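Step one of this worksheet: look at the structure below.
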Amino acid sequence: MVRRAAAAAGRALARVVPVVLGVVIAVFFLLRLVPGDPAAMILGERATPEALAALRAELGLDQPLWRQFSDFLWGVVTRFDTGDSLVSGVPTRELILAKAPISLGLVVFAVGLAVVIAVPLALAAALRKDGWADHVVRVLPAVFMGMPLFWIGLLLIIVFAVQLQWLPVGGVGSGPGEPLRSLVLPALAVALGLAPPLVRSLRAQLLEVLQSDFVTTLRAARIPERTIIWRHVVRGAALPALTLLSVNTAYLIGGTLVVEQVFGINGLGTLLFQSIGSRDFPVVQGIALACALLVVLVTGLAGAASAALDPRLRRAGSADPRSRAGAAR
């Protein structure tokens with residue numbers, strides 16, 4: 001058991017390290033291609049050349065690019081930090097940890113709403129194939145897939161915050177239950193952008209499972225239809241949808257950062273756009289690295305959930321490679 005756990009951990013680490021290293025390299029060098037001088041952004045347009053040169057030397061921006069990258073990589077490996085902010089001087093790790101809870105809460109809330117939206121719609125369409133519910137469900141995802149997230153967010157603000165006044169326009173309240181109420185509209189905006197592909201995938205899988213032989217056998221055995229649907233059909237169709245959800249994780253996280261700007265939520269999205277505007281390289285690199293790690297984490301959790309739903313994946317992952325090779329021979 002210990003050997004299997006160690007092997008699984010080794011395989012997971014072998015997948016994570018190249019992804020994180022690729023993100024670190026890409027973010028570092030791509031940011032250097034963005035026009036603008038961080039020292040000039042900090043000191044302003046009227047700064048003298050001497051003051052600019054002194055600030056560049058203080059921030060290490062006058063060093064060769066390979067030296068800057070080596071210092072940056074050393075800080076990531078040893079301190080799990082991409083350096084101090086060029087604007088505030090606060091370590092990037094502290095800035096990210098201060099903003100991360102609200103952004104992570106928004107991501108989790110959005111995923112939950114997307115599942116709550118997708119499952120009933122897909123079931124209604126699959127159980128009434130070619131009926132009016134099926135036609136409506138097939139049209140609605142196409143409508144929302146063509147809308148950018150910020151536009152969906154603005155529509156939700158106009159309807160539910162301005163016209164109906166059910167929910168706050170933006171920001172995050174501090175009273176009892178207010179943080180959750182403040183996240184309803186932004187999470188719904190992200191969920192409406194994420195749900196359409198889930199609805200389509202889940203509907204197709206539900207139709208396939210409903211037409212399988214084992215469902216016919218269960219019905220012939222007079223097992224209640226509700227039990228067949230929820231215990232067997234939905235579980236059998238959930239695996240591809242779960243895989244699709246993990247693939248769309250990057251879209252989900254990126255959409256969350258954009259929606260934060262629309263609703264005035266002071267999370268990682270606001271910090272990211274402010275840092276891009278001020279050419280605060282360490283903070284942008286830190287947020288990009290944190291998002292990459294979150295994508296890897298969510299993908300790993302989706303793989304574990306897939307193994308729980310399908311025992312064949314669990315057995316395949318835990319089998320000894322030598323025994324599989326012997327069986328192949």
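If you read the sequence from its start, that first residue is 1, and numbering goes on from there. Computed from heavy atoms alone, side chains included, the values below leave out hydrogens, waters and symmetry copies. Everything numeric in this text was worked out from a predicted model, so none of it was measured.
Note on Leu185 and Leu154: same hydrophobic cluster, where clusters join Ile, Leu, Val, Met, Phe, Trp and Tyr whose side-chain heavy atoms are under 4.5 Å apart, directly or indirectly. Residues Val108 and Leu257 are members of separate hydrophobic clusters, defined by side-chain heavy-atom contacts under 4.5 angstrom among Ile, Leu, Val, Met, Phe, Trp and Tyr. Under the 4.5 Å side-chain contact rule for hydrophobic residues, Leu155 and Ile117 share a cluster. By the criterion of side-chain heavy atoms lying less than 4.5 angstrom apart, applied directly or through intervening Ile, Leu, Val, Met, Phe, Trp or Tyr residues, Leu271 is not grouped with Leu97; the two fall into different hydrophobic clusters. The same ILVMFWY cluster, assembled from side-chain heavy atoms under 4.5 Å apart, contains both Val162 and Trp151.
When every heavy atom of Phe273 is checked against every heavy atom of Gln261, the shortest pair comes out as CD1-CG, 3.3 Å. The two residues Phe263 and Val169 come nearest to each other via the heavy atoms CD2-O, 3.5 Å. Scanning both residues, Arg203 and Ala122, for their nearest heavy atoms gives N-CB, 3.8 Å. Of all non-hydrogen atoms in Ile102 and Gly267, the two that sit nearest each other are CG2-CA, 3.5 Å. Of all heavy-atom pairs between Leu207 and Ala126, the closest is CD2-O, 3.5 Å. Shown here for Leu149 and Gly193, the closest heavy-atom pair between the two residues is CD2-CA, 3.8 Å.
In this structure, the separation between NZ on Lys99 and CD on Glu94 is 13.0 Å, given to the nearest 0.5 Å. For the atom pair Leu104 CG and Leu294 CG, the distance stands at 6.0 Å (nearest 0.5 Å). A distance of 9.0 Å separates CG in Leu183 from CD in Glu260, rounded to the nearest 0.5 Å. The CD1 atom of Ile287 lies 12.5 Å from the CD1 atom of Ile253; values are rounded to the nearest 0.5 Å.
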Let me see the working for Ser275 and Leu95 under side chain to side chain contact (heavy atoms under 4.5 Å, CB included), right down to the final yes or no. CA-CA 11 Å; Ser275 301; Leu95 293 174; over 6 Å; no
Before giving the answer on side chain to side chain contact (heavy atoms under 4.5 Å, CB included), spell out for Thr92 and Asp84 the whole-Å C-alpha distance, their side-chain angles and the decisive distance to 0.1 Å. CA-CA 5 Å; Thr92 298; Asp84 296 342; over 6 Å; no
Where do Ile157 and Val262 land on the side chain to side chain contact (heavy atoms under 4.5 Å, CB included) test, with the steps shown first? CA-CA 9 Å; Ile157 290 175; Val262 176; 4.1 Å; yes
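The backbone N or O of Leu268 sits less than 3.5 Å from a side-chain atom of Ser103, completing a donor-acceptor pair. Using modelled atom types, one side-chain atom of Thr270 and one backbone atom of Ile265 make a donor-acceptor pair closer than 3.5 Å. Listed for the Gln63 side chain is no donor-acceptor partner under 3.5 Å among the backbone atoms of Gln68.
For Ala187, the side chain to side chain contact (heavy atoms under 4.5 Å, CB included) partners are Leu106, Phe109, Ala110, Leu113, not counting sequence neighbours.
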